[in-house]
Amino acid sequence: MTLPCPTAGPATVQEADAEANRQLTTLAGWRRFVDGPPPPPGRLPPEQLKQLSPTERDLHDEDRLDHHARMLTVSTSFVEKTRICGRRLVLLNRHAISARRGLMVSGLPGTGKTSAIAQLGRAHELLDRARHPKISDRIPVLYITVPPAATARMVAAEFARFLGLPVRPRSNMTDIIEAVVGVCTDTRTGLVVVDEIHNISQRTQAGAEVSDTLKYFSERIPATFVYAGIDLETSELLVGTRGAQIAGRFTLVPTGPFPYGDEWKGLIATMEETLILHDHPPRSLVKLDRYLHNRTDGMIGALSHAIRGAAIDAILNGTERVTKEGLDAIPLDHAAESVRPARKPVRQR
């Protein structure tokens with residue numbers, strides 16, 4: 001079966017925009033993620049900055065804005081644990097003909113679940129590329145998300161969409177599944193990553209059918225399956241007989257907010273090193289580690305959003321530094337904001 005070429009360059013501006021907006025749930029978007037982001041723009045000395053024309057300065061600033069807009073992936077202990085556990089399961093499943101074991105990554109929103117499973121998939125694909133450098137038609141990793149209120153057909157279509165296979169209105173489930181299994185088998189897919197798995201409820205008929213479809217895919221595709229979702233330990237994914245089967249075959253890796261400690265301080269130091277600002281005092285963010293922990297409640301997603309948002313504001317307003325005031329001006333998600341201590345009212349005189 002012929003797959004669409006993911007490396008063909010866009011011919012128009014509209015196509016270029018479409019390419020830029022591709023997500024991990026398409027083969028082209030996934031491969032772009034595996035290839036890594038473009039190199040960051042350089043830090044220019046003051047003398048060179050002064051020599052830039054207004055247009056050149058605007059382009060330089062735009063490159064820096066784009067750099068800070070990218071989600072930074074930090075190799076935390078949780079990311080490393082997910083990678084090691086996933087790698088172990090891939091090896092244990094290598095010669096299994098049935099009952100392959102899988103991995104479940106669970107935690108609150110903003111605790112780095114998607115980053116962890118994406119890095120696991122990226123590491124798996126890079127290793128596969130290194131082992132088979134002359135074979136370009138392999139698809140080592142398949143990545144999908146479960147839509148809200150998903151049906152079995154919707155999930156099967158997500159598999160097909162990643163692979164670039166057409167799903168016509170008249171295509172039945174058997175046709176879609178057989179096409180997906182055929183391509184995954186031919187292209188040696190070894191890791192299937194399913195995000196937002198908490199959208200499946202075993203208490204509903206549709207959810208049970210989705211669960212059965214994923215189980216059937218896992219039996220037909222010789223790959224290790226990785227699930228990620230919110231609080232899977234207490235979710236409706238694991239209720240009933242089907243839930244018990246999942247719980248009996250999947251290893252759980254939980255995550256949560258980071259405690260205030262050395263790893264938290266290291267996260268801030270790593271993120272600060274990525275800033276490309278022209279007047280930011282070194283290690284000034286590290287000195288705010290306690291404030292940042294209180295502000296974000298130890299959530300790495302909120303921390304990344306606050307630092308990157310403040311850096312973008314610093315470029316736009318010309319201050320070229322991230323300060324406590326700048327960080328405090330960045331609105332975070334409701335969960336992070338709701339844990340902030342109430343400000344004491346100012347006394348009126």
Side-chain angles (χ1 to χ4, degrees), residues 23-24 33 37-38 40-41 43 60-80 82 105 107-119 195-196 228 230-231 254-344:
Q23 302 297 312
L24 296 181
F33 165 74
R43 292 181 174 86
H60 173 64
D61 289 348
E62 186 60 33
D63 287 342
R64 293 190 298 140
L65 289 168
D66 185 67
H67 166 75
H68 292 109
R70 296 179 184 276
M71 185 68 179
L72 173 67
T73 300
V74 182
S75 182
T76 65
S77 58
F78 169 61
V79 171
E80 185 65 12
T82 302
V105 178
L108 294 171
T111 50
K113 300 182 299 299
T114 296
S115 294
I117 60 175
Q119 288 302 313
D195 204 354
E196 305 292 326
I230 298 172
D231 290 340
T255 184
F258 282 86
Y260 179 75
D262 290 341
E263 185 170 15
W264 178 257
K265 297 175 183 179
L267 288 175
I268 296 173
T270 299
M271 291 184 181
E272 187 168 23
E273 290 174 358
T274 69
L275 297 180
I276 303 179
L277 300 172
H278 298 308
D279 195 27
H280 181 80
R283 297 189 61 79
S284 57
L285 279 187
V286 175
K287 297 176 182 177
L288 299 174
D289 53 12
R290 175 69 75 174
Y291 155 78
L292 285 168
H293 192 269
N294 292 337
R295 175 80 200 281
T296 63
D297 198 33
M299 297 291 192
I300 189 171
L303 176 68
S304 175
H305 178 81
I307 292 177
R308 293 183 299 120
I312 288 174
D313 283 1
I315 296 174
L316 295 175
N317 62 31
T319 59
E320 292 291 339
R321 62 172 61 192
V322 174
T323 63
K324 182 178 181 296
E325 293 73 18
L327 289 163
D328 214 36
I330 303 299
L332 302 181
D333 55 88
H334 176 70
E337 292 288 2
S338 63
V339 301
R340 299 181 68 184
R343 296 179 184 275
K344 295 181 179 181

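Counting begins at 1 with the first residue of the sequence. In what follows, every heavy atom counts, from backbone to side chain, and hydrogens, waters and symmetry copies are set aside.
Nearest heavy-atom pair across A228 and I117 is CB-CD1, 3.6 Å. Among all heavy-atom pairs drawn from S75 and E80, the shortest one is OG-OE1, 4.2 Å. Across every non-hydrogen atom of M299 and P109, the tightest pair is SD-O, 4.0 Å.
The environment of CG in D279 is crowded: more than 12 heavy-atom neighbours from other residues, nucleotides or ligands sit within 6.0 Å.
Between the CG atom in L288 and the CG atom in N294 there is a gap of 11.5 Å [rounded to 0.5 Å]. Rounded to the nearest 0.5 Å, atoms OG1 (T114) and CG (D195) are 3.5 Å apart. Taken from NZ in K265 to NZ in K287, the straight-line distance is 14.0 Å, to the nearest 0.5 Å. Separating the CG atom in L332 from the OG1 atom in T296 is a distance of 7.5 Å, to the nearest 0.5 Å. Atom CD1 of I268 and atom CD1 of I300 lie 10.5 Å apart (nearest 0.5 Å). Put simply, CG on L65 and CG on D313 are 10.0 Å apart, with the number rounded to the nearest 0.5 Å.
Side-chain N or O atoms of N317 include one that pairs as donor or acceptor with a backbone N or O of T319 at under 3.5 Å. Checking side-chain atoms of H67 against main-chain N and O of P38 turns up no donor-acceptor pair under 3.5 Å. In terms of modelled atom types and a separation under 3.5 Å, the side chain of R295 and the main chain of A306 share no donor-acceptor contact. In terms of modelled atom types and a separation under 3.5 Å, the side chain of T111 and the main chain of L108 share a donor-acceptor contact. T274 places a side-chain N or O within donor-acceptor distance of the main-chain N or O of M271, the cut-off being under 3.5 Å. With hydrogens and angles disregarded, a donor-acceptor distance shorter than 3.5 Å links the side chain of R43 to the backbone of L275. With E272 contributing its side chain and S284 its backbone, the two residues share a donor-acceptor pair below 3.5 Å. In this structure, Q119 contributes its side chain and V79 its backbone to no donor-acceptor pair below 3.5 Å. Of the possible polar contacts, one joining the H68 side chain to the I276 backbone as a donor-acceptor pair under 3.5 Å is found. A donor-acceptor pair under 3.5 Å is formed between the side chain of T82 and the backbone N or O of F78.
Between H278 and H60, the ring planes are parallel. Angles under 30° get that label, and only those over 60° would be called perpendicular.
Using a 4.0 Å cut-off between charged side-chain N and carboxylate O, R64 and E320 make a salt bridge. Using a 4.0 Å cut-off between charged nitrogen and carboxylate oxygen, R70 and D66 count as a salt-bridge pair.
A heavy-atom distance below 4.5 Å is not found between the side chains of L303 and F258. Side-chain contact between I307 and V322: absent, with no pair of heavy atoms (C-beta onward) separated by less than 4.5 Å.
Under 3.5 Å, the side chains of D289 and Y260 contain a donor-acceptor pair of N or O atoms.
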